[in-house]
A.B. asks: 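One structure is given below, represented as structure tokens, and several questions about it will come after.
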Amino acid sequence: MAVAKNVVRRALLYVPGSSQKMLDKTRGLNADCVAYDLEDSVTPGRKAEARSNIRRFLEQPRISGVKECAVRINAVGSSYAADDILEVANAPNLDTIVIPKVNSGADLQWATEFINHNRTYTGLGATSPHRVKILALIESAKALSSLSEICSTATSQLDGLIFAAEDFALDLSLTRTPSLTEFLYARSAIATACRAHNLSSTIDLVCTSYKGEEGIKTMEEECLGGKSLGFNGKQCIHPSQVPIAQKAFAPSEDEATWAVRITIADAKADKQGRGAWTLDSKMIDAPVVGKAKRLVSRAEACGIDVNALRERW
Ligand code: 1VU
């Protein structure tokens with residue numbers, strides 16, 4: 001069974017699998033994607049407990065507010081990855097597996113084949129196995145140098161790339177600064193690779209500051225910076241970050257209104273045989289119309305009532 005593409009993941013919230021309290025907390029959330037974590041937030045001594053917590057959790061009735069349930073396994077080649085996959089692969093509510101520290105096409109291929117081999121769950125009335133989507137974390141210089149190879153592997157299931165800034169900084173001995181300029185090349189390369197390979201999601205670094213006014217401000221600024229580089233979502237570590245990312249990575253009301261006006265005016269211009277025309281004292285031509293159409297479909301995917309905006313014009 002083919003996997004559905006064009007999934008919206010404005011926020012991807014990590015939840016430590018070893019914390020039953022935090023797993024339960026996700027029942028009350030409104031989130032595009034929750035990644036129940038088996039990797040960095042879980043100590044080696046609690047991996048087995050975290051696996052069975054997540055497995056049990058994903059066997060319970062689906063959470064209505066969480067659109068996508070993902071599990072982040074441990075790195076390919078670690079002593080945990082195979083056991084992680086064996087435990088969670090057949091959970092009914094599993095939509096997606098997040099694979100950390102993908103360094104090559106071979107890493108991704110091994111994980112995808114092992115997941116598919118062990119995913120026999122068919123879903124409602126289907127005869128073939130329900131395939132999960134895959135998100136790959138880019139965390140090293142080697143991974144960044146292999147983006148094209150990674151994106152060309154498991155193409156029917158790979159649905160996005162995620163940038164892990166802390167591990168990337170460790171690998172390159174970078175110091176993270178508030179401006180994030182040290183990550184500019186990596187972030188641009190990842191966003192570009194996602195676009196070139198038509199992947200649904202390009203998910204930006206974690207904002208490690210999450211407390212109080214300062215946390216909100218930093219998160220908002222980082223979201224805007226990521227959006228301007230071409231990211232369409234952000235990793236979150238705390239529930240308070242989720243609404244900020246979901247707002248920032250959806251078109252604003254002004255953006256959606258602008259896009260709707262352009263598409264309406266473009267239909268008229270087209271009838272008049274005009275490829276270039278003016279709106280609000282600015283020249284509009286094909287790439288601007290293309291951007292507006294993309295914004296309209298993104299607005300629809302984010303649940304914005306585009307028809308109501310159309311009726312206003
Ligand atoms: O109000 P309650 O007491 O019922 O609940 C707390 C807390 O349990 C809950 N909460 C969460 N629930 C679900 N998912 C979460 N990620 C989460 N974080 C907190 O919210 C209520 C308020 O929490 P708090 O402000 O008191 O925060 P804590 O001190 O409890 O926790 C802070 C940390 C940062 C430790 C916590 O948010 C956390 O563990 N986050 C996830 C960390 C993680 O997964 N790190 C690895 C992924 S990042 C990465 O690998 C980069 C690529």
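Keep in mind the model is a prediction, meaning the values are calculated, not measured. All ligand and atom numbering here is 1-based and tracks the order in the structure.
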A.B. asks: List the residues meeting salt bridge (Lys or Arg N to Asp or Glu O under 4.0 Å) with K217, not counting sequence neighbours, and say none if there are none.
C.D. replies: E221
A.B. asks: If I apply the N/O under 3.5 Å rule, does D37 come out as touching ligand 1?
C.D. replies: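 N/O-N/O distance below 3.5 Å does not exist for this pair.
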A.B. asks: With a heavy-atom distance limit of 4.0 Å, tell me whether K21 approaches ligand 1 through its side chain, its backbone, both, or neither.
C.D. replies: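 Within the 4.0 Å criterion, K21 contacts ligand 1 through side-chain atoms alone.
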A.B. asks: Would you call K47 and D83 a salt bridge, using N to O less than 4.0 angstrom?
C.D. replies: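 No.
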A.B. asks: Is the NZ or CZ atom of R176 positioned over F168's six-membered ring, under 6.0 angstrom from the centre and within 45° of the axis?
C.D. replies: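 No, R176 and F168 do not form such a contact.
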A.B. asks: Should the heavy atoms of other residues, nucleotides or ligands under 6.0 Å from CZ of R310 be counted, would the total exceed 12?
C.D. replies: yes
A.B. asks: Do S41 and D37 get their side chains close enough for a donor-acceptor pair, meaning under 3.5 Å?
C.D. replies: yes
A.B. asks: For atom 43 (C) of ligand 1, what is the closest protein heavy atom, and at what distance to 0.1 Å?
C.D. replies: S41 CB, 3.7 Å
A.B. asks: Closest non-hydrogen protein atom to atom 28 (P) of ligand 1, residue and atom name please, with distance?
C.D. replies: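 Protein heavy atom with the smallest distance to atom 28 (P) of ligand 1: Y210 OH, 4.5 Å.
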A.B. asks: Within ligand 1, which atoms have a heavy atom of V15 less than 4.0 Å away?
C.D. replies: 14 (N)
A.B. asks: Looking at atom 18 (N) of ligand 1, what's its closest protein heavy atom, distance included?
C.D. replies: P239 CD, 3.4 Å
A.B. asks: Below 4.0 angstrom, counting only protein heavy atoms, does anything approach atom 35 (C) of ligand 1?
C.D. replies: no
A.B. asks: What is the nearest protein non-hydrogen atom to atom 37 (O) of ligand 1, stated with its residue, atom name and distance?
C.D. replies: I237 O, 3.2 Å
A.B. asks: Could you pull out, from K101, K25, R27, the option with a heavy atom nearest to atom 4 (O) of ligand 1?
C.D. replies: K25
A.B. asks: Would T112 and Q157 count as having a side-chain donor-acceptor pair, cut-off 3.5 Å?
C.D. replies: no
A.B. asks: To check you understand the geometry: which heavy-atom pair defines the closest contact between A259 and V296, and what is its length?
C.D. replies: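 So the two residues come closest at CB-CG2, 3.8 Å.
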A.B. asks: Among all protein heavy atoms, pick the one closest to atom 52 (C) of ligand 1 and tell me residue, atom and distance.
C.D. replies: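 In this structure, atom 52 (C) of ligand 1 has Q235 OE1, 3.2 Å as its nearest protein heavy atom.
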A.B. asks: For residues N116 and R119, is any side-chain donor paired with an opposing acceptor at under 3.5 Å?
C.D. replies: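 Note: N116 and R119 side chains miss the donor-acceptor criterion.
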A.B. asks: Got the closest protein heavy atom to atom 39 (O) of ligand 1, with its distance?
C.D. replies: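 The protein heavy atom lying closest is P16 CG, 3.6 Å.
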A.B. asks: How far is atom 26 (O) of ligand 1 from the closest protein heavy atom, and which atom is that?
C.D. replies: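 Looking only at protein heavy atoms, the one closest to atom 26 (O) of ligand 1 is H238 NE2, 4.9 Å.
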A.B. asks: What's the shortest distance from atom 49 (C) of ligand 1 to any protein heavy atom, and which residue and atom give it?
C.D. replies: R72 NH1, 3.8 Å
A.B. asks: Check whether the side chains of S209 and E214 place a donor and an acceptor atom closer than 3.5 Å, and report yes or no.
C.D. replies: no
